[in-house]
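Before I ask anything, let me first share the structure, which is written out below as structure tokens.
Computation of the quantities below employed the complete heavy-atom set of this structure, encompassing side-chain atoms and omitting hydrogens, waters and symmetry-equivalent molecules. On a predicted model such as this, the values are computed, not experimentally measured, just so you know.
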Amino acid sequence: MYINNIEKELYELYQKYQDFDFITYYDKIIKNTNILKYSKGLGFMAGLYEPSYVTEIMCTNQSIGREIKNIDKGFNYKYFFDENNKIILSEKYLDGKIKYLNFYFYEDKILEFICYSLNNGFYSLSKSYYDKENRIIKHIGIPVLFMYNPIENNIYEEHIFKYLDDETFITYIKYTKPTKEFKFINEKKDITNMKIKDNILYYIDEENNIKGYHHIRFKLDNGNKIEIPLPKKVPVFKIIKENMIEILNKWKSLDISVIWINCENTDLTMQYTTEKKTCEEKWNIAYYEDTEEAIFKEQNHIQTFEDLLFNNNCNIDDLIDESEYFVNKMIKIIKELRKEEIISSNTAIILSTLEITSNTITIAKKINNREIIKDFPFIEDK
């Protein structure tokens with residue numbers, strides 16, 4: 001049984017392109033297309049040119065990256081446009097290699113989107129409908145990053161858009177059904193109602209009452225995305241330093257050997273150990289039980305922090321290796337705290353994500369005396 005014809009329509013779309021020669025078509029595009037753009041920052045499947053922006057705005061303002069002009073330091077997406085400045089292809093890169101090709105096929109007021117994996121072939125698909133003013137009015141597909149399975153797919157999405165004056169109303173519907181593999185799942189339909197006004201996404205009920213909201217990085221002008229910066233006049237790094245001092249003062253009576261500042265994401269935290277002898281427990285944050293303190297006390301400061309990093313071309317998914325601006329600011333703060341004797345010269349500071357990289361070592365050497373980190377497992381004796 002089909003779900004409101006959406007499953008049927010997507011299956012017909014799959015059949016239409018099932019035997020399409022994507023590689024030959026790809027070769028033709030790259031040989032004949034001169035209008036190119038690039039972006040950095042791993043977002044969803046198609047980067048800055050997702051067929052629908054609904055998933056982006058619902059991920060609490062997730063960054064999908066930013067267009068870049070200088071590609072010498074690498075990029076994550078490459079986009080190809082036709083002579084009418086319509087996107088026709090995007091390449092998604094992982095570890096410097098092309099992994100996915102995203103094709104955009106236009107027919108009247110319909111966009112057919114096909115994602116093709118270079119390793120596995122046909123990967124995903126969706127379909128978008130536009131009105132006479134070229135505003136998106138409906139989008140159907142499967143969740144972003146899900147692989148389409150024509151036999152066992154059990155989750156489908158529908159985004160419905162309505163425009164009224166300066167507000168855009170969105171109904172997000174998620175359809176789930178049981179399959180042979182997922183027999184225990186009940187067929188259901190989850191509905192989320194939203195509206196966008198200026199650069200704020202509101203969650204609303206059926207009577208248009210506001211249930212919650214958060215800022216997004218764009219506003220809509222007659223259905224078109226207009227990117228806007230969202231920085232507020234908030235001294236984020238001053239707040240980080242002040243909150244770190246508050247935490248350090250709380251730990252003042254403790255004989256701390258190592259403090260680990262966890263930069264896995266923008267929810268920065270600090271943890272410590274009092275272990276003195278050389279062992280894994282001293283240098284592995286996994287053993288720092290029950291010592292975690294959040295550096296940010298207020299959620300709006302985290303949002304402002306993300307906006308600031310975003311506007312300084314930082315990858316908020318990799319604050320250590322791809323956010324030089326952030327790293328330099330944190331090094332400055334830690335050096336100031338040492339100079340002000342708030343951090344003891346005998347306490348090692350590790351600024352890192354959970355995965356140690358060469359940048360972790362470089363930073364450690366900049367903010368610690370060599371003697372107190374000589375037994376850090378990743379420091380080579382010289």
Do F169 and I196 share a hydrophobic cluster (ILVMFWY, side-chain heavy atoms under 4.5 Å, transitive)?
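F169 and I196: separate clusters.
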Within 6.0 angstrom of K225 NZ, more than 12 heavy atoms from elsewhere:
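Yes, because the 6.0 Å sphere around NZ of K225 holds more than 12 heavy atoms from other groups.
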Please evaluate residues Y287 and E275 with respect to the criterion side-chain contact (heavy atoms from CB on, under 4.5 Å), reporting the C-alpha separation (whole Å), side-chain torsions for both, the decisive distance (0.1 Å), and the verdict.
CA-CA 10 Å; Y287 292 94; E275 183 65 59; over 6 Å; no
So does R135 pair up with D131, basic N to acidic O under 4.0 Å?
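The answer is yes: the pair qualifies as a salt bridge.
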Short side-chain to backbone donor-acceptor contact, T291 and Y272, under 3.5 Å:
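Side chain of T291 to backbone of Y272: a pair is present.
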Which residues pass the side chain to side chain donor-acceptor pair (under 3.5 Å) test with E280, not counting sequence neighbours?
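Only N284 meet the side chain to side chain donor-acceptor pair (under 3.5 Å) criterion with E280.
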Taking C-beta and beyond as the side chain, do N193 and K211 meet within less than 4.5 Å on heavy atoms?
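They are not in contact (no side-chain heavy atoms under 4.5 Å apart), so the answer is no.
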What pairs with Y172 under side chain to side chain donor-acceptor pair (under 3.5 Å), at least two apart in sequence or on another chain?
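Applying side chain to side chain donor-acceptor pair (under 3.5 Å) to Y172 gives E157.
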Closest non-hydrogen atom pair, I98 against L101
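Closest approach of I98 to L101: CG2-CD2, 3.8 Å.
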Are N368 and R338 packed together at the side-chain level, in the sense that at least one heavy-atom pair is separated by less than 4.5 angstrom?
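With C-beta onward as the side chain, the pair touches.
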Rounded at 0.5 Å granularity, tell me how far CG in N359 sits from CG in L319.
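Rounded to the nearest 0.5 Å, the CG-CG separation comes to 12.0 Å.
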Considering non-hydrogen atoms only, spot the tightest contact between N153 and Y156 and give its length.
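Taking every non-hydrogen atom into account, CB-OH, 3.3 Å.
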In terms of relative ring orientation, are Y202 and Y213 parallel, tilted or perpendicular, with 30° and 60° separating the classes?
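Plane angle between 30° and 60°, so tilted.
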So for atom NZ, which belongs to K197, do other residues, nucleotides or ligands contribute more than 12 heavy atoms lying within a distance under 6.0 Å?
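It does not: K197 NZ has 12 such atoms or fewer within range.
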Could you walk me through whether I343 and I349 satisfy the side-chain contact (heavy atoms from CB on, under 4.5 Å) test, starting with their C-alpha distance in whole Å, then the side-chain angles of each, then the deciding distance to 0.1 Å, before giving a yes or no?
CA-CA 9 Å; I343 297 177; I349 304 292; 4.0 Å; yes
Does this structure show an ion pair linking E12 with K16, if we count only N-O contacts that are shorter than 4.0 Å?
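Judged by the 4.0 Å cut-off on N to carboxylate O distance, E12 and K16 do not form a salt bridge.
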Determine whether I333 and I240 make a side-chain contact, defined as any pair of heavy atoms from C-beta on separated by less than 4.5 Å.
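Sidechains of I240 and I333: in contact.
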Of all residues at least two apart in sequence or in a different chain, which pass the side chain to side chain donor-acceptor pair (under 3.5 Å) check with N134?
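Applying side chain to side chain donor-acceptor pair (under 3.5 Å) to N134 gives K109.
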Heavy atoms from other residues, nucleotides or ligands near CD of E167 exceed 12 (cutoff 6.0 Å)
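Yes, CD of E167 has more than 12 neighbouring heavy atoms, counting only those of other groups under 6.0 Å.
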If you count heavy atoms of other groups shown closer than 6.0 angstrom to NZ of K219, is the number above 12?
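No - once you tally the heavy atoms of other residues, nucleotides and ligands closer than 6.0 Å, there are 12 at most.
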Drop me the distance from T168's OG1 to I136's CD1, to the nearest 0.5 angstrom.
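Reported to 0.5 Å precision, the distance equals 11.0 Å.
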Non-neighbouring partners of F20 that pass ring pair (Phe, Tyr, Trp, His ring centres under 6.0 Å), sequence neighbours left out
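With neighbours one apart ignored, the set is Y17, F22, Y25, F105.
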Determine whether Y53 and F161 satisfy the following criterion, ring-ring contact (aromatic ring centres under 6.0 Å, His included), listing intermediate values before the conclusion.
CA-CA 11 Å; Y53 50 76; F161 304 82; 5.7 Å; yes
Could you check whether any side-chain heavy atom of E56 comes within less than 4.5 Å of a side-chain heavy atom of E50, counting everything from C-beta outward?
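A side-chain contact under 4.5 Å is absent here.
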Could you check if a side-chain atom of Y148 sits within less than 4.5 angstrom of a side-chain atom of Y11, using non-hydrogen atoms only?
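Of all side-chain heavy-atom pairs linking Y11 with Y148, at least one is under 4.5 Å.
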Do D255 and K276 sit within salt-bridge range, that is, some charged N less than 4.0 Å from a carboxylate O?
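Salt bridge between D255 and K276, a charged N being under 4.0 Å from a carboxylate O: yes.
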Would you say CZ of F146 has more than 12 non-hydrogen atoms from neighbouring residues, nucleotides or ligands within 6.0 angstrom?
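Open.
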For the student: nearest non-hydrogen atoms of A348 and I373, plus distance:
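Here A348 and I373 meet closest at CB-CG2, 3.9 Å.
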Would you say S39 and Y79 are linked by a side-chain donor-acceptor pair, where the criterion is simply a distance under 3.5 Å?
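Note: Y79 and S39 side chains meet the donor-acceptor criterion.
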Take atom CD in E289; do more than 12 heavy atoms of anything else shown fall under 6.0 Å from it?
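Open: at most 12 neighbouring heavy atoms sit under 6.0 Å from CD of E289.
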CD of Q15: more than 12 outside heavy atoms within 6.0 angstrom?
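Buried by this count: over 12 neighbours within 6.0 Å.
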Okay, side chain of T347, backbone of I256: is any donor-acceptor separation there less than 3.5 Å?
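Yes.
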Presence of salt bridge, K374 and E371, under 4.0 angstrom
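Here E371 pairs with K374 in a salt bridge, since their nearest N and O are under 4.0 Å apart.
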Ignoring hydrogens, what is the shortest heavy-atom contact between N243 and F296? Give both atom names and the distance.
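The answer is ND2-CA, 4.1 Å.
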Counting only heavy atoms not in E355, do more than 12 fall under 6.0 Å of its CD?
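No, CD of E355 has 12 or fewer neighbouring heavy atoms, counting only those of other groups under 6.0 Å.
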To the nearest 0.5 Å, tell me how far Y203 OH sits from I210 CD1.
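Reported value, rounded in 0.5 Å steps: 13.0 Å.
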Say whether, by atom type as modelled, one donor and one acceptor occur between the side chain of T273 and the main chain of K282 under 3.5 angstrom.
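No; judged by distance alone, with no hydrogens or angles, the pair does not exist.
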Parallel, tilted or perpendicular: rings of F122 and Y14 (30°, 60°):
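Judged by the thresholds at 30° and 60°, the geometry between Y14 and F122 is perpendicular.
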Please determine whether residues L164 and Y130 belong to a single hydrophobic cluster, defined as Ile, Leu, Val, Met, Phe, Trp and Tyr linked transitively by side-chain heavy-atom distances below 4.5 Å.
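L164 does not cluster with Y130.
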I350 side, atom CD1; Q271 side, atom CD - distance, nearest 0.5 Å:
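Reported to 0.5 Å precision, the distance equals 13.5 Å.
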Roughly how far, to the nearest 0.5 Å, is CG of D82 from CG of N34?
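If I round to the nearest 0.5 Å, the distance is 12.0 Å.
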Measure the shortest side-chain to side-chain distance between I142 and I155 over non-hydrogen atoms and say whether it is less than 4.5 angstrom.
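No. Closest side-chain heavy atoms not under 4.5 Å.
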Quick one: are M244 and I261 in side-chain contact, heavy atoms under 4.5 Å?
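Yes. Closest side-chain heavy atoms under 4.5 Å.
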Aromatic ring pairing F237/Y325, orientation class (parallel under 30°, perpendicular over 60°, tilted between)
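Geometry flag for Y325 against F237: perpendicular rings.
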For K250, enumerate each residue passing the salt bridge (Lys or Arg N to Asp or Glu O under 4.0 Å) test, keeping only those at least two apart in sequence or located in another chain.
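K250: salt bridge (Lys or Arg N to Asp or Glu O under 4.0 Å) contacts with E293.
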If the test is side-chain contact (heavy atoms from CB on, under 4.5 Å), which one of I170, I137, T171 qualifies with I160?
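Exactly one option meets the side-chain contact (heavy atoms from CB on, under 4.5 Å) with I160, and it is T171.
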Residue pair T269 / A294: nearest heavy atoms and the distance that separates them:
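For T269 versus A294, the nearest heavy atoms are CG2-CA, 4.1 Å.
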Go through it in stages, so that I can follow the logic: the residues are M330 and I367, the test is side-chain contact (heavy atoms from CB on, under 4.5 Å), and I'd like the CA-CA distance, side-chain angles, deciding distance and then a yes or no.
CA-CA 10 Å; M330 292 300 293; I367 58 180; over 6 Å; no
Report yes if some heavy atom in the side chain of I356 is under 4.5 Å from a heavy atom in the side chain of F376; otherwise report no.
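Result yes, sub-4.5 Å side-chain heavy-atom pair found.
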In this structure, would V258 and I361 fall into the same cluster of hydrophobic residues linked by side-chain contacts under 4.5 Å?
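The answer is yes; both residues are in one hydrophobic cluster.
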Say whether Y49 and F218 are linked into one hydrophobic cluster, either directly or through other cluster members, by side-chain heavy-atom distances under 4.5 angstrom.
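As far as the 4.5 Å side-chain criterion goes, F218 and Y49 are connected within one cluster.
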Considering non-hydrogen atoms only, spot the tightest contact between Y77 and M45 and give its length.
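That would be CE2-O, 3.5 Å.
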Say whether, by atom type as modelled, one donor and one acceptor occur between the side chain of N209 and the main chain of D205 under 3.5 angstrom.
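Such a contact is absent between N209 side chain and D205 backbone.
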Evaluate the side-chain contact (heavy atoms from CB on, under 4.5 Å) criterion for residues I87 and Y106: first the C-alpha distance (whole Å), next the side-chain angles of each, then the deciding distance (0.1 Å), finally the verdict.
CA-CA 10 Å; I87 186 165; Y106 300 93; 3.5 Å; yes
Starting at CD1 of I30, measure out to NZ of K78 and round the result to the nearest 0.5 Å.
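Reported to 0.5 Å precision, the distance equals 7.5 Å.
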Qualifying side-chain hydrogen bond (donor to acceptor under 3.5 Å, both in side chains) pairs, either residue in residues 93-104, two or more places apart:
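Qualifying pairs, neighbours excluded: S90-N102, E91-Y93.
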With clusters defined by side-chain heavy atoms of hydrophobic residues (ILVMFWY) lying less than 4.5 Å apart, directly or transitively, does I247 cluster with L254?
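Yes; I247 is reachable from L254 via cluster members.
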